[in-house]
Colleague: 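Take this structure, written in C-alpha cells, and hold onto it; I'll ask about it next.
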Amino acid sequence: MPGEDAREVARIVTGTLESLPFLPELPARGPGADMIGRTAGLLAELYARVEPSGWRIGDRPGRDTRRARAWLREDLDALEEFTQEFEGALKVSAVGPWSLAAAVERRNGEAMLGDTGARRDLAESLAEGLRGHLAEVRRRVPGARVVLQLDEPTLPAVLSGRVPTASGYRAHRAVDPAVAEETLRGLIAVAGDDPVVVHCCAAGVPFGLLRRAGATAVSFDFKLLTERDDEALGEAVEGGTALFAGVVGAVGAGAEELSDPAGTVGGVRSLWRRLGLSPGLLTESVTVTPACGLAGASPAYARAALTHCVRAARSLADNPE
C-alpha cells in the first residue's frame, strides 16, 4: 500500500475488506519496509544489509535488519489494534524462496540463486522465520485463520534462465522445475493446515507446478493470461486450487476509472465459459484482487481499488453467468 502511516493504512484495509483483510506493506518508508527487506528481516540466523546493488547477506544483524524488524512490529501493532474481536481469514505476505534467492546477494555480490547450497540455506532460514512470524500473527489476532501469501514475481524467469548475473552479461542457469516445486512445497508446509496463496504477477505463471507444490490458491495478473494457460488453469480449478484473479489495475489516475464492477469481472466470466467450468463453481473458486501491489498508486486510488474489488466480487457472486 502507498503511504507511511501504519495505523491509517491498517484502518483502511480492515475497514474496507471484511472478508480478507491483510497485513499491509508500506515500502515508501524506505529500505526494510520494502518486500525484500521485510522478508530479509524475517530470516532466522541469516542477516542482510543494504548495499548500492541491493540486499546482501552479512555476518551479523545490523542497522538495516533492526530497522526492518522494527517496522514489522509497528505494522503488527497497528493491525492488532484494528482487529480486536476479529474472526475470519487474515492474509500476510512474504517473498517466496525463489524470488528472494534472485534478489538477495551472497557476499561476493552474486545472487544466492546461483549457488545451490546458498539457496538451500536461504529457504531453510525463511521457513524458520515464517514459522515464528505466523505464530506471532496468530497470537496477536487469535480469531484469525492466517492465510500466507508467498510472493514469487521472479519465478517464471528463474525457471526459464532469465535472471541476470551481477555483470548483466550472462544469466543464471534455469532451475529444474522439480527442484523449484520441492522447495516451494517445503515453504508451503510451514503454514500447516492454513491456506497458502502463491502470487506471481509476471507472464507465464507455472500453474501446474504451484498446484503440485500444494498451493491452496494462485494469485496472478489476469491481463497477462493467454489461451496457452487455459489447460493448466482448468486442471488447477478442477483439482481444487482457487484463483486470485488480478483484474483491478495496480496503478490508476483516479477513482473515476473504477466505475463498472460488472465489466471488471467480465473477462473472468468469459474465461469460465471458455474452460467449460460450472458457473456455480465460479464464486467458490475466484477471489477478486488488484493485479499486483498498490504501493505505486496514489492513496486515493489504492482505497478506491480495494473498494472496487469488493463491489466487483459481489457482481460476480450475484451474476456468475
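Numbers here simply count residues along the sequence, with the first being 1. Because the structure is a prediction, the values reported are computed rather than measured.
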Colleague: Working to the nearest 0.5 angstrom, can you tell me the gap between Asp121 CG and Leu126 CG?
Modeller: 12.5 Å
Colleague: When clusters are formed by joining ILVMFWY residues with side-chain heavy atoms under 4.5 Å apart, either directly or through shared neighbours, do Val288 and Phe244 land in the same one?
Modeller: no
Colleague: Test your reading of the model: is there a side-chain donor-acceptor pair from Thr65 to the backbone of Ala48, 3.5 Å cut-off?
Modeller: yes
Colleague: Would a 4.5 Å heavy-atom cut-off, applied to side chains only, mark Trp55 and Asp64 as touching?
Modeller: yes
Colleague: Hey, does the side chain of Thr154 reach the backbone of Ala157 with a donor-acceptor pair shorter than 3.5 angstrom?
Modeller: no
Colleague: Report yes or no: do Leu225 and Trp272 belong to one cluster of Ile/Leu/Val/Met/Phe/Trp/Tyr joined by side chain heavy-atom distances under 4.5 Å?
Modeller: yes
Colleague: Answer yes or no: is there a side-chain heavy-atom contact under 4.5 Å between Trp98 and Leu159?
Modeller: no
Colleague: Would you say Arg274 has more than 12 foreign heavy atoms packed within less than 6.0 Å of its CZ?
Modeller: yes
Colleague: Evaluate whether atom CD of Glu51 has more than 12 neighbouring non-hydrogen atoms of other residues, nucleotides or ligands under 6.0 angstrom away.
Modeller: yes
Colleague: Counting C-beta onward and ignoring hydrogens, is there a side-chain heavy-atom pair between Ile57 and Arg106 closer than 4.5 Å?
Modeller: no
Colleague: Do Asp151 and His199 come close enough that some side-chain heavy atom pair is under 4.5 Å?
Modeller: yes
Colleague: Are Glu182 and Arg185 within salt-bridge range, i.e. N to O under 4.0 Å?
Modeller: no
Colleague: Assigning hydrophobic clusters by single linkage (Ile, Leu, Val, Met, Phe, Trp, Tyr; side-chain heavy-atom cutoff under 4.5 Å), is Leu130 placed with Met35?
Modeller: yes
Colleague: With side chain to side chain contact (heavy atoms under 4.5 Å, CB included) as the criterion, how do Val197 and Thr287 come out once you've worked through the C-alpha distance, each side chain's angles and the decisive distance to 0.1 Å?
Modeller: CA-CA 11 Å; Val197 182; Thr287 297; over 6 Å; no
Colleague: Side chains of Leu100 and Leu43: closer than 4.5 Å at any heavy-atom pair?
Modeller: yes
Colleague: Could you check if a side-chain atom of Ser298 sits within less than 4.5 angstrom of a side-chain atom of Pro2, using non-hydrogen atoms only?
Modeller: no
Colleague: Write down the atom of Ala68, the atom of Gly41, and the distance for their closest heavy-atom approach.
Modeller: CB-CA, 4.2 Å
Colleague: So which atom in Pro21 and which in Ser19 form the shortest heavy-atom distance, rounded to 0.1 Å?
Modeller: CD-C, 3.7 Å
Colleague: Within the structure provided, determine whether Thr307 and Arg303 are in side-chain contact (heavy-atom separation under 4.5 Å).
Modeller: no
Colleague: Regarding Asp75 and Arg29, does a basic nitrogen lie under 4.0 Å from an acidic carboxylate oxygen?
Modeller: yes
Colleague: Would you confirm whether Asp229, through its side chain, and Glu227, through its main-chain N or O, come within 3.5 Å as a donor-acceptor pair?
Modeller: no
Colleague: Ignoring hydrogens and geometry, is there a side-chain-to-backbone donor-acceptor pair from Thr241 to Ala217 under 3.5 Å?
Modeller: no
Colleague: So does Arg314 have more than 12 non-hydrogen atoms from other groups sitting under 6.0 Å from CZ?
Modeller: no
Colleague: Test of understanding: clusters of I, L, V, M, F, W, Y form through side-chain heavy atoms closer than 4.5 Å, transitively. Do Leu20 and Met1 belong to the same one?
Modeller: no
Colleague: Examine the side chains of Ser93 and Glu25 and answer whether a donor and an acceptor come within less than 3.5 Å of each other.
Modeller: no
Colleague: Are any of the side-chain heavy atoms of Leu271 and Phe222 separated by less than 4.5 Å?
Modeller: yes
Colleague: For Thr183 and Arg119, run side chain to side chain contact (heavy atoms under 4.5 Å, CB included): C-alpha distance rounded to whole Å, both residues' side-chain angles, the deciding distance at 0.1 Å, then the answer.
Modeller: CA-CA 9 Å; Thr183 300; Arg119 293 189 327 228; over 6 Å; no
Colleague: Determine, step by step, whether His133 and Leu23 satisfy the side chain to side chain contact (heavy atoms under 4.5 Å, CB included) criterion, reporting the C-alpha distance in whole Å, the side-chain angles of both residues, the deciding distance to 0.1 Å, and the verdict.
Modeller: CA-CA 12 Å; His133 180 48; Leu23 174 65; 4.1 Å; yes
Colleague: Is a side-chain donor or acceptor of Arg107 paired with a backbone partner of Gly58 at a separation under 3.5 angstrom?
Modeller: yes
Colleague: Do the side chain of Ser315 and the main chain of Arg311 share a donor and acceptor less than 3.5 angstrom apart?
Modeller: no
Colleague: Could you tell me whether Asp77 and Arg7 make a salt bridge, using a distance below 4.0 angstrom between a side-chain N and a carboxylate O?
Modeller: no
Colleague: Check for a donor-acceptor pair, side chain of Ser99 on one end and backbone N or O of Val95 on the other, with a separation under 3.5 Å.
Modeller: no
Colleague: In the single-linkage hydrophobic clustering (I, L, V, M, F, W, Y; side-chain heavy atoms under 4.5 Å), do Leu134 and Ile188 co-cluster?
Modeller: yes
Colleague: State the CG-CZ distance between Leu26 and Arg38, to the nearest 0.5 angstrom.
Modeller: 7.5 Å
Colleague: Walk me through whether Leu42 and Leu72 qualify under side chain to side chain contact (heavy atoms under 4.5 Å, CB included).
Modeller: CA-CA 9 Å; Leu42 290 174; Leu72 179 57; 3.5 Å; yes
Colleague: Would you find a donor on one side and an acceptor on the other, under 3.5 Å apart, between the side chain of Glu110 and the backbone of Ala166?
Modeller: yes
Colleague: Test your reading of the model: is there a side-chain donor-acceptor pair from Gln84 to the backbone of Glu80, 3.5 Å cut-off?
Modeller: yes
Colleague: How far apart are the closest heavy atoms of Pro279 and Pro320, and which atoms are they?
Modeller: O-CB, 3.6 Å
